[in-house]
Amino acid sequence: MYDLAVIGGGPAGYVAAAKAGAAGMSVVLFEKEEVGGVCLNEGCIPTKTLLYSAKLLENAVGAAKYGVEVPEARADVRALAKRKDKVVKKLVGGVKVQLRDAGVTVVKEAAAVKSYAPGRIVIESASGAVEAARLLICTGSETVIPPIPGIEGNPAALSSRELLEINEIPDSLVVIGGGVIGMEFASLFNSLGSRVTVIEMLPKILGPMDDEISAMLQAQYAKKGVVFHLGCKVLKADGNAVSFQTPEGEVQSVEGAKILVSVGRRARLEGLEALPLELNQRPRGIKVNAAMATSLEGVWAAGDVTGFSMLAHTASREAEVAVDNMLGIPSEMRYDAIPSVVYTNPEVAGVGLTEQEASARGTEVLVKKLPMAYSGRFTAENDRGEGLCKILLTPDGSRILGVHMLGNPSSEILPAACLAIENGLGAEAFRQTVFPHPGVAEILKETLK
Ligand code: NAI
């Protein structure tokens, strides 16, 4: 009997398995595809690899502004795809080594729970059944296919996973859903030369991100040629044509050589039917407490399968919390300082409370903001680049509650803000800490002055 069985080898599952194995537990990990999960194989890593190439291309095309002539910059899509696959392979190899070093038994098969009793859980896969004293469910999430007529079975309509696999640049792309996936792919294909149209149901892109920053990003992409239809209800897809209703009630149609369906993801719960687990309904997912324990003794869950905060970094932290608790080390999952990044060019990065959340909750906040151009390094590296740093504090400035940024490389600066929020720091801590000069991170100190 194993001490722990983990189902799913993504950023929750492999982190948990490696940690538990390293701590001396006997661990079996089931993953039907490659370890690394959606994030490493068909999500975060491949998209960021392609987005980096797209950024290089954009920089090369715009290099004259910086006094550098690049006469014939163009993308070689086959080479981009090859590099993406090489990066993924290398990182998957790294995860395999971690698991091997931790003594984890990896079974590359789909697993299903056969029976449950506290302290004795039976898990089945193609090669047989195993018993484990504990179970950690990390089965992740899958793309939501909305019930829009003409989407299902339409060869032009693709999920992000399918769109990552194409090896030519479509002339045009219609994106249904202007959330994180929608905007990252809009950015990628806009840089690569496609005509991109985004249709979003809500009156803004990037729903939960700061309103002002979302609007600034939208304006920057509109300038680059992306067409936005906000507050629009998609009615149907007919081959390559997508019809939608505008907020004024007018019906319009737009054609795309490809149509990206990016209206969200949902928890993957198959194979768990034998477990009488308590579920949350909105969003649907396995109900867990702060220790990541489910309603069943000896069963934990981490990652997208819990249905909220569907982010790889959340998943990994949840997995660590779950394993700590299995090992008897008290640990609680906190969500106040979970960063969100949209890897567009420029990037959007945010953590903690937004202005719209503060006003919805009636929380009084002190808001400080400054254009990113106040950072010398930002101005040196971003010709006419617009960006914003916005910081929300308690009214007396003693605690930072939220930090939201637009501009490169805000994702690399954000961890300072995450540390501040997680540790209850305020403006004074930033004033007293010396930052490298010139550095874009100085914008945090400037904004807090
Ligand atoms: P999302 O929830 O971020 O965005 C979906 C968007 O589609 C929303 O704005 C929603 O209003 C809109 N929508 C829903 N139904 C629609 C319809 N019928 N017509 C038009 N618009 C519609 O979901 P997304 O972008 O699919 O991403 C899925 C998950 O993956 C998210 O939880 C996200 O956090 C995660 N992810 C994170 C990334 C990152 O951290 N950089 C990158 C990619 C994905």
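Numbering of ligands and ligand atoms starts at 1, following listing order. Please read all numbers here as calculations on a predicted model, not as lab measurements.
- The distance from ligand 1 to the heavy atoms of Ile199 drops below 4.0 Å at these ligand atoms: 20 (C), 21 (N).
- Under 4.0 Å from ligand 1, the heavy atoms of Glu184 that appear belong solely to its side chain.
- For atom 21 (N) of ligand 1, the closest heavy atom belonging to the protein is Met201 N, 3.2 Å.
- Residue Ser262 approaches ligand 1 through these ligand atoms, each under 4.0 Å from one of its heavy atoms: 5 (C), 6 (C), 7 (O), 26 (O).
- Nearest protein heavy-atom neighbour of atom 4 (O) of ligand 1: Gly179 CA, 3.2 Å.
- Side-chain contact between Val288 and Met333 is absent, with no heavy atoms from C-beta onward closer than 4.5 Å.
- At under 3.5 Å, not a single nitrogen or oxygen of Gly207, backbone or side chain, sits near a nitrogen or oxygen of ligand 1.
- Partners of Tyr374 by ring pair (Phe, Tyr, Trp, His ring centres under 6.0 Å), not counting sequence neighbours: none found.
- Interface atoms of ligand 1 facing Val180, defined by a heavy-atom separation under 4.0 Å, are 3 (O), 25 (O), 37 (C), 38 (C), 39 (C), 41 (N), 42 (C), 43 (C).
- The closest non-hydrogen atom to atom 17 (C) of ligand 1, taken over Thr344, Leu206, Val263, comes from Val263.
- The side chain to side chain donor-acceptor pair (under 3.5 Å) check on Glu248 picks up Thr246, with sequence neighbours excluded.
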Discussion item. Walk me through whether Arg266 and Glu142 qualify under salt bridge (Lys or Arg N to Asp or Glu O under 4.0 Å).
Written reply: CA-CA 5 Å; Arg266 68 166 156 242; Glu142 61 197 356; 3.5 Å; yes
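- Taking every heavy atom of Ile176 and a limit of under 4.0 angstrom, the matching atoms of ligand 1 come to 19 (N), 20 (C).
- For atom 25 (O) of ligand 1, the closest non-hydrogen atom of the protein is Ile181 N, 2.8 Å.
- Scanning the protein heavy atoms around atom 31 (C) of ligand 1, the nearest turns out to be Met310 O, 4.3 Å.
- Counting the atoms of ligand 1 from 1 in the order shown, those under 4.0 Å from a heavy atom of Tyr343 are 41 (N).
- Those atoms of ligand 1 with a heavy atom of Leu202 less than 4.0 angstrom away are 11 (O).
- Side-chain atoms of Ser309 and Thr314 form a donor-acceptor pair, as typed in the model, at a separation below 3.5 Å.
- Per-residue contacts place Leu311 under 4.0 angstrom from the following atoms of ligand 1 (heavy atoms of the residue considered): 34 (O), 37 (C), 40 (O).
- Checked by distance only, ligand 1 and Glu200 come closer than 3.5 Å through their nitrogen or oxygen atoms.
- The environment of Glu332 atom CD is sparse: at most 12 non-hydrogen atoms of other residues, nucleotides or ligands sit within 6.0 angstrom.
- Every atom of ligand 1 is numbered from 1 in the order shown, and the set under 4.0 Å from a heavy atom of Ile148 is 18 (N).
- Assignment of Gly264 to the shell around ligand 1 is supported, since a heavy atom sits closer than 4.0 Å.
- Contact of the Val38 side chain with the Arg265 side chain is registered, since non-hydrogen atoms from C-beta on lie closer than 4.5 Å.
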Practice prompt. Carefully, step by step, assess Glu442 and Arg377 under the rule salt bridge (Lys or Arg N to Asp or Glu O under 4.0 Å).
Written response: CA-CA 9 Å; Glu442 286 177 302; Arg377 176 93 181 269; over 6 Å; no
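- Of the protein's non-hydrogen atoms, the one nearest atom 29 (C) of ligand 1 is Arg265 CD, 3.7 Å.
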Item to complete: Apply the test side chain to side chain donor-acceptor pair (under 3.5 Å) to residues Gln356 and Asp211: give CA-CA distance (whole Å), side-chain angles for both, the deciding distance (0.1 Å), then the verdict.
Response: CA-CA 7 Å; Gln356 61 263 29; Asp211 284 355; 2.9 Å; yes
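- Contact check for Arg134 versus Trp300: side-chain heavy atoms found under the 4.5 Å cut-off.
- The side-chain heavy atoms of Arg284 and Arg282, taken from C-beta on, include no pair separated by under 4.5 Å.
- The shortest contact between atom 7 (O) of ligand 1 and any protein heavy atom is with Gly177 CA, 3.3 Å.
- Nearest to atom 39 (C) of ligand 1 among the protein's heavy atoms is Val341 O, 3.4 Å.
- Residues Asn345 and Glu58 are in side-chain contact: their nearest non-hydrogen atoms beyond the backbone lie under 4.5 Å apart.
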